[in-house]
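Structure first, then comments.
Here is how names work: the chains are called A, B, and so on, in the same order as the sequence lines, proteins then strands, and each is numbered from 1. What you see below is based on every heavy atom in this structure, not just the backbone, and it leaves out hydrogens, waters and symmetry mates.
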Amino acid sequence: MSPYRSRFCPSPTGLLHLGNLRTALLNVLLAIKSGGTFILRIEDTDVDRSKTEFSEAVCDDLQWMGLHWQEGPRIGGPEDSYYQSERNSIYQDFYDKLLEENQIYPCFTSEEELKIIRRNQMAAGEPPRYNGIWANASKEEIEEELEKGNKPVYRFRLPKDKTIIFKDLVKGEQSFHTSDLDDFIVRKKDLSPTFMFANAIDDSLMGVNVVLRGDDHLSNTPRQIALLKALNLEIPEFIHVALFTGDDGAPLSKRNGSLSVKELKEIGYFPQAVINYLSRVGHTISDNELRNIHELSSVFNIGNISTSPSKIDHTQLNFWQKSVIESISIEELSSWLESSLEDLPKDVNKDSFVGLIRDNITFPADAVRYLKNLFINPLDSEKEVEDLIKQTGSHFFKIAEKIIEDNWGDWSKTMKLIGEETGAKGKNLFMPIRASITGQLSGPELDQVIEVMGLERVLRRLQEASSL
RNA sequence: GGCCCGUUCGUCUAGUGGUUAGGACAUCUGGUUUUCAUCCAGGCAACAGGAGUUCGAUUCUCCUACGGGCUACCA
C-alpha cells in the first residue's frame with residue numbers, strides 16, 4: 001500500500017461526537033497503516049456558526065482520544081494555515097482564475113427568489129434546480145446589478161450533458177450525470193467560500209490523496225471532481241463509508257444515543273475502549289482482541305469496510321470498556337479512578353479496594369457507589385437493603401457480630417458457625433450478611449470484601465444492622 | 001418530485017450459485033459461588049418481499065417496500 005495522505009476536516013460548529021470520531025479514526029488508521037500522513041483541517045467558513053471554543057475542543061478531544069495528526073492546527077505543516085478562515089487569499093487566486101476562464105459567473109438571484117422558484121418547481125412536479133438565468137447574462141446586465149449595489153454569489157458552470165465517473169474504493173464505480181446537478185455556488189455573497197469549493201481545493205492543495213468521509217457526501221463528490229478538473233488540480237481517491245446512525249436508525253443525535261467526546265470523557269470511558277468499539281462498527285475485525293491504535297491500524301483493511309449503515313450500540317461499547325478494565329494494571333486503574341476515590345477512608349488501602357471491585361465496575365460512578373455503600377452511607381440508604389435487614393431482625397446480626405469477632409481470619413468457618421447458630425443457610429444466610437456489611441445486594445466475594453474493610457468496620461456495620 | 005446509497009440473528013457482522021448460514025455483544029439456561037455480582041459452559045435467534053436467470057438461489061438481474069443521503073449563500 002502506498003502512503004496515504006488522509007484527512008479529517010470538521011467544522012467547528014459543535015462538539016465532536018461518536019459519528020465524527022469514527023470518521024476521524026478510520027482516517028487515522030488508514031494513514032498509519034499505509035505509513036502515510038493524517039492531516040487535520042478546520043473548516044470554519046461559516047462565520048456565524050463557527051466558534052473558536054469548538055475548534056479548540058475538537059483538537060483537545062482528538063488528542064485525548066489518541067488520534068494524532070501530523071499536519072494541522074497547533075503543530076503546523078507545509079501550509080500557512082489549517083484554518084480555512086485564514087486561507088482566503090489562496091481561494092481568491094482560484095476565483096480570479098475561474099472567473100477569467102468564464103468557469104464561474106456571478107448570480108444575483110436572491111435567496112428569497114430562489115426559495116420561490118424552488119417551491120414553484122416542486123409544485124409543478126419538476127426537480128428543484130437553479131434555473132440558470134444568470135449563466136448567460138450579458139456584461140451590461142451584470143454591470144447594472146453591481147451599480148445598484150447588489151452583491152452576487154458565484155456559481156460554477158457545470159459541464160453540460162457529461163457523465164462523471166469515479167471509483168469509490170469501497171462501493172465501486174459510481175456515475176452521475178451533470179444534468180442531474182445544477183450550477184452550485186462556490187462563493188457566497190459575503191465573499192467566503194462554500195464547503196463544496198474550499199473543501200475540494202484544500203484537499204488537493206494539501207496533497208490529500210484519499211478522502212474517506214461519510215456516505216452523505218457521495219453525491220457531492222461528482223461536483224467536487226468537476227471543480228478540480230476545471231482547475232486542473234489533482235483528484236484524490238474516495239471512500240464513502242456508510243453512516244453511523246442512532247439506535248432508531250435516524251442520523252446520530254443527542255436524543256438517539258450519540259455521545260460527545262466530552263461526555264465520554266466525563267462518564268469515564270477509556271479512549272482505547274472507544275476506538276476498539278468504533279473500529280468494529282462498519283468495519284470487520286475478525287477477532288475480539290483489545291488493541292491499541294497501532295495494532296488496530298495493522299488489522300484495518302479498506303476491503304473490510306461495510307457498505308450498509310450501522311446503529312450505535314452502547315452495550316457493545318461498554319463491553320470494550322470492561323475489556324480495558326480487565327486488561328490494565330492496578331496502578332493504571334487507580335489513577336483512572338483517582339478523583340472518584342477521594343472519600344476513601346485513609347486506613348483503607350487504595351489498591352486493595354480497586355482490586356476488589358475491578359470485575360464489578362464499568363465506570364468510575366460504579367466505584368463511587370461501592371465506596372459510598374461500603375464505607376460511608378448508612379445501611380438504610382438503599383431500600384432493598386434496609387428491608388432485608390429489618391426483615392431478618394436484629395437477633396441474627398447480634399449473633400453474627402459475635403461469631404465474626406471470635407473467628408476473624410477464617411471466613412468459611414465463620415459463615416458455617418453463623419449458619420449453625422441462626423439456622424439460616426444459603427441465600428437466607430449470605431444475603432443478610434452481604435446486605436449489612438456491604439450495604440448492597442450484590443458485589444465481590446464477601447471474604448475479599450471484609451478483608452479490605454477490616455474487622456472494626458465490619459463489626460460496626462453489624463451493630464448498625466441490629467439496631468435498624 | 002429527481003439523482004444516489006443501503007437492507008443477513010435484537011445489535012455489530014462473516015459467508016457462499018449447492019453451508020447444519022459462522023462469530024461477537026446482548027439475552028436465556030446450567031455450573032462455580034452454602035448468596036448475588038464476577039467467572040466458566042451451553043442454548044435461542046437472521047438472509048425485507050415478489051418476479052426472473054438457473055438443475056439449484058441468501059448469493060446474479062429486475063421490480064416493490066422500508067431506511068438514509070444529496071437536491072442550502074450548512075458542512
Hey, can you tell me if A:Y277 and A:F244 have their rings parallel, tilted or perpendicular (30° and 60° cut-offs)?
tilted

What is the ring orientation for A:Y95 with A:F197, classed by angle as parallel under 30°, tilted 30 to 60°, or perpendicular over 60°?
parallel

[atom1] atom, [N] versus [M]: distance in rounded Å?
N     : M     : atom1 : answer
B:U19 : B:C3  : P     : 39 Å
B:C4  : B:U8  : C1'   : 23 Å
B:A14 : B:A21 : C1'   : 10 Å
B:U59 : B:G15 : C1'   : 9 Å
B:C12 : B:G69 : C1'   : 22 Å
B:A45 : B:C25 : C1'   : 14 Å
B:C5  : B:C44 : C1'   : 34 Å
B:U58 : B:G42 : C1'   : 28 Å

Would a distance-only check, ignoring hydrogens and angles, find a side-chain to backbone donor-acceptor pair under 3.5 Å from [X] to [Y]?
X      : Y      : answer
A:S436 : A:P432 : yes
A:T245 : A:P251 : no
A:E145 : A:N150 : no
A:S50  : A:V47  : no
A:T422 : A:I418 : yes
A:H17  : A:G19  : yes
A:N27  : A:R7   : yes

Out of [options], which has the shortest distance to the side chain of [X]?
X      : options             : answer
A:L243 : B:C36, B:G69, B:C73 : B:G69
A:N288 : B:A24, B:A75, B:A37 : B:A24
A:D216 : B:U35, B:A75, B:G69 : B:G69
A:S219 : B:C70, B:C5, B:C36  : B:C70
A:E43  : B:A75, B:C5, B:C73  : B:A75
A:S11  : B:A75, B:U71, B:C39 : B:A75

Within [range]: residues closer than 4.0 Å to RNA chain B (heavy atoms):
range                       : answer
residues 112-120 of chain A : A:L114, A:R118
residues 313-324 of chain A : A:D313, A:T315, A:Q316, A:F319
residues 407-418 of chain A : A:M415, A:K416
residues 172-179 of chain A : A:Q174, A:F176

Centroid separation A:W134 to A:Y105 less than 6.0 Å
no

Looking at the rings of A:F353 and A:F375, which for Trp means the six-membered one, are their centres under 6.0 Å apart?
yes

Mind checking if [X] touches a base, just sugar-phosphate, or nothing, with heavy atoms under 4.0 Å?
X      : answer
A:D46  : sugar-phosphate
A:H217 : base
A:T109 : base
A:L441 : base
A:L218 : sugar-phosphate
A:S192 : nothing
A:P10  : nothing
A:K425 : base
A:R213 : nothing

Provide, to the nearest angstrom, the distance between the [atom1] atom belonging to [X] and the [atom2] atom belonging to [N].
X      : N     : atom1 : atom2 : value
A:Y277 : B:A24 : OH    : P     : 18 Å
A:N360 : B:C39 : CG    : P     : 9 Å
A:E111 : B:A72 : CD    : C1'   : 8 Å
A:R187 : B:C73 : CZ    : C1'   : 12 Å
A:L181 : B:U71 : CG    : P     : 10 Å
A:D247 : B:C25 : CG    : P     : 21 Å
A:F54  : B:C74 : CZ    : P     : 18 Å
A:R41  : B:A75 : CZ    : P     : 13 Å

Is it the case that A:N88 and A:Q92 place a side-chain donor and acceptor less than 3.5 Å from each other?
no

Less than 4.5 Å apart, side chain to side chain, heavy atoms only: is that true for A:N304 and A:V299?
no

Please determine whether a side-chain nitrogen or oxygen atom of A:K171 lies at a distance below 4.0 Å from atom OP1 or OP2 of B:G69.
no

First of A:D248 and A:K189 reached from the 5' end of RNA chain B, by closest nucleotide:
A:D248

Sole candidate of A:V153, A:I116, A:I117 that passes side chain to side chain contact (heavy atoms under 4.5 Å, CB included) when paired with A:T109:
A:I117

Mind listing the N/O atom pairs, protein and nucleotides 13-16 of chain B, below 3.5 Å?
unit_1	atom_1	unit_2	atom_2	d
B:U13	OP1	A:G282	N	2.3
B:U13	OP1	A:S310	OG	2.9
B:U13	O3'	A:T284	OG1	2.7
B:A14	OP1	A:T284	OG1	2.9

Provide the Watson-Crick or G-U wobble partner of B:C47, both distances under 3.5 Å; none if there is no partner.
none

Is the number of heavy atoms from other residues, nucleotides or ligands within 6.0 Å of CG (A:D287) greater than 12?
yes

Counting only heavy atoms not in A:K383, do more than 12 fall under 6.0 Å of its NZ?
no

Does NZ or CZ of A:R155 fall inside the cone over A:Y130's six-membered ring, less than 6.0 Å from its centre and within 45° of the axis?
yes

Could you please spell out the steps behind the side-chain contact (heavy atoms from CB on, under 4.5 Å) verdict for A:T221 and A:R213?
CA-CA 10 Å; A:T221 303; A:R213 62 197 343 186; 3.0 Å; yes

Suppose we screen for ring-ring contact (aromatic ring centres under 6.0 Å, His included). Which residues come up paired with A:F195, at least two apart in sequence or across chains?
A:H217

